[in-house]
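Worksheet for the structure shown next.
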Amino acid sequence: MGAKARILVIDDEDGIRRGCVRALEPHGFQVETASSFQDGLTRIQQDTFDLVLLDVMLPDGRGINLLEPILARDPDTIAIVITGYATAELAVEAIQHGAYNFISKPFTANMLLITVNQGLEKRQLSLDSKRMRILEQEAAELIRAKEQSDRLNEFKSHFATMVAHELRSPVSGAQSLVRTMLRGMAGEMSPQQSELLGRVNIRLDFLLMLINDLLTLAASKSLEDEKPLEAVEVDKVMERVIERHAEDAKEKHIDLQIPPSHPTLRVKATPDGLDTILRNLLCNAVKYTPPEGRVQILIDQEGDEVKFRISDTGIGIAPEDIPHIGEEFFRAKEVHRKGIVGTGLGMSIAKQFIDRFGGQLHIESQLGQGTTFTVTLPVWKE
Ligand SMILES: Nc1ncnc2c1ncn2[C@@H]1O[C@H](COP(=O)(O)OP(=O)(O)O)[C@@H](O)[C@H]1O
Ligand SMILES: [Mg+2]
């Protein structure tokens, strides 16, 4: 029962009350007493007891009439009636009214203790089974909620995939028309026309970027969930990712410092997932670092973990924005202020993979100084 069990003795006989206290207190029970019907009723209405010892014959009322208020307060309170020689029928009546057991006067301390312990065990059992039923109900509700949210998620990613697919071809079609015009292949344009069309082109670029990110996000939510984790060679993926961003870095005169090779290093992931994580981090580092800056990639194995550290000397992230990086569509104030376009989806895609691989993402940043993203992933063990 955890804390001390609380017992109330309602009996007009002083000897019985004191006898009960003497018999029970040394066994760790907290015993309180009441000497009349009225006194007992007041105590019952004020407090909840684990067990009540109840004299059936009280000078100012029938003890049996206290059973109802006792059980109304807590249906699991155990009531044990104390009967005299001549009151066997009363004991039966009491049990019919919800008393758990009876004990006849005179009784020994030992008899009392046995009866009380039985009663308390019964109480514990019914409390436990109630708790079990509540837990079972809660579990069933959780399962229902989970199924609902799974269905909703499935619908969301299916919907996103469908919309993105449908959008991609008309948008890229429009973009190639615009580019054709920009190249002057549909006749000369005035400088003003080509300036406007140039802006259309930039908008279409952004739209395509958004569509691609949405597609990756939807894919990462559905398909990737099914793929089992495997041993992924870090070097292979790293090489691919660097190759794809070296050009952008070079264009901005960014000093891209690549990690030494780790020929045997493997992490527990999926190749596409690791590729997506590293690609997004490197893409951001290059994108959010002004020309002439530096981007550095470090890889370290520490025990069972591999740390990928991508540092830049870029625009940084304000402290209050850091906790939100990775939320869908979140973009920090600094990029809005600087007018750098993006979708705010890359990090949420990366974060999903990191979570799925049982990894961690840590961000350190100083506004205007630079940012370090650290991704920790479990190393592959045979
Ligand atoms: N290396 C970085 N330096 C500064 N800010 C960054 C960096 N990487 C990510 N961020 C911030 O996190 C936001 C979310 O990144 P991401 O999900 O990739 O979206 P975006 O399409 O805007 O790049 C970015 O908009 C930017 O505010
Ligand atoms: Mg990005």
Side-chain angles (χ1 to χ4, degrees), residues 157 160 164 167-168 171 202-221 224 241-242 244-249 251-259 272-299 307-356 359-376:
S157 54
L167 286 175
R168 189 149 60 171
V171 172
I202 290 170
R203 295 286 165 94
L204 289 174
D205 257 343
F206 173 70
L207 200 49
L208 277 177
M209 184 160 83
L210 183 61
I211 289 168
N212 283 330
D213 278 358
L214 274 175
L215 273 173
T216 319
L217 182 68
S220 77
K221 277 190 174 162
E224 269 296 323
V241 170
I242 290 168
R244 219 174 301 150
H245 290 92
E247 200 55 38
D248 292 341
E251 251 174 51
K252 289 176 81 175
H253 300 282
I254 285 173
D255 174 17
L256 180 60
Q257 301 184 351
I258 60 175
D272 286 353
L274 184 63
D275 189 287
T276 305
I277 295 168
L278 296 175
R279 184 158 37 86
N280 273 304
L281 292 180
L282 190 55
C283 168
N284 283 342
V286 172
K287 179 172 170 182
Y288 298 116
T289 299
E292 315 293 335
R294 192 187 66 238
V295 170
Q296 185 182 34
I297 310 170
L298 287 172
I299 303 176
K307 280 196 158 72
F308 299 86
R309 212 167 279 133
I310 291 145
S311 313
D312 62 55
T313 56
I315 61 173
I317 306 169
E320 66 271 22
D321 285 339
I322 291 180
H324 298 287
I325 304 291
E327 288 172 11
E328 277 168 32
F329 299 108
F330 179 81
R331 306 195 70 227
K333 278 188 292 299
E334 203 51 18
V335 299
H336 288 299
R337 217 168 60 77
K338 294 214 151 55
I340 308 173
V341 294
T343 64
L345 285 175
M347 284 310 299
S348 82
I349 294 167
K351 188 97 203 332
Q352 272 188 29
F353 281 112
I354 294 169
D355 288 346
R356 194 163 113 60
Q360 267 150 9
L361 173 68
H362 181 73
I363 307 171
E364 270 169 282
S365 188
Q366 200 110 45
L367 218 48
Q369 303 284 307
T371 308
T372 299
F373 283 83
T374 307
V375 174
T376 309

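Remember, it's 1-based here, ligands and their atoms both numbered in the order they're listed. Along the sequence shown, residues are numbered consecutively beginning with 1.
- Comparing heavy-atom distances from atom 12 (O) of ligand 1 across Leu367, Val286, Asp312, Ile325 singles out Ile325 as nearest.
- In this structure, Asp255 CG and Thr313 OG1 are separated by 9.0 Å, a value rounded to the nearest 0.5 Å.
- Remark: Arg294 does not engage Asp312 in a salt bridge, criterion side-chain N to carboxylate O under 4.0 Å.
- Distances below 4.0 Å separate heavy atoms of Arg331 from the following atoms of ligand 1: 20 (P), 22 (O), 25 (O), 27 (O).
- Heavy atoms of Gly314 come nearer than 4.0 angstrom to ligand 1 in no pair at all.
- Annotation: the span from Ile258 atom CD1 to Ile242 atom CD1 amounts to 5.0 Å, rounded to 0.5 Å.
- Against a heavy-atom cut-off of under 4.0 Å, Phe373 is close to the following atoms of ligand 1: 1 (N), 2 (C), 7 (C), 8 (N), 9 (C).
- Atoms of ligand 1 lying under 4.0 Å from any heavy atom of Leu345, numbered from 1 in the order shown and given with element: 17 (O), 19 (O).
- Proximity to Gly316 (heavy-atom distance under 4.0 Å) selects the following atoms of ligand 1: 4 (C).
- Near Val335, meaning under 4.0 Å from one of its heavy atoms, ligand 1 places the atoms 25 (O), 26 (C), 27 (O).
- Taking a cutoff of 4.0 Å between a charged side-chain nitrogen and a carboxylate oxygen, Arg279 and Asp272 do not qualify as a salt bridge.
- To the nearest 0.5 Å, the span separating CG on Leu282 from CZ on Phe373 amounts to 12.0 Å.
- Within the structure, ligand 1 has Thr343 among the residues with a heavy atom less than 4.0 angstrom away.
- The contact set between ligand 1 and Gly342, taken as ligand atoms under 4.0 Å from a residue heavy atom, comprises 21 (O), 22 (O).
- Taken from CG in Leu281 to CD1 in Ile363, the straight-line distance is 9.0 Å, to the nearest 0.5 Å.
- Here Ile277 contributes atom CD1 and Arg356 contributes atom CZ; the two are 10.5 Å apart, rounded to the nearest 0.5 Å.
- Considering each of Tyr288, Phe330, Phe329, the one bringing a non-hydrogen atom nearest atom 2 (C) of ligand 1 is Tyr288.
- Salt-bridge check for Asp355 with Lys351: passed, with a basic side-chain N closer than 4.0 Å to an acidic carboxylate O.
- Comparing Thr371, Ile349, Ile317 against atom 10 (N) of ligand 1, the shortest heavy-atom distance belongs to Ile317.
- Near Met347, the atoms of ligand 1 lying under 4.0 angstrom from a non-hydrogen atom of the residue are 15 (O), 16 (P), 17 (O), 18 (O).
- Distance check for Asn284 against the Mg ion (ligand 2): an N/O/S atom falls below 2.8 Å.
- Looking at atom 27 (O) of ligand 1, its nearest protein heavy atom turns out to be Ala332 N, 2.9 Å.
- Within ligand 1, counting atoms from 1 as listed, the ones closer than 4.0 Å to a heavy atom of Lys287 are 21 (O), 23 (O).
- Atoms CD and CD1, from Glu334 and Ile340 in turn, are 8.0 Å apart once rounded to the nearest 0.5 Å.
- For atom 9 (C) of ligand 1, the candidate residues are Asn284, Leu210, Asp213; the nearest heavy-atom contact is made by Asn284.
- The minimum heavy-atom distance between Cys283 and His245, with the atom names listed, is CB-NE2, 3.4 Å.
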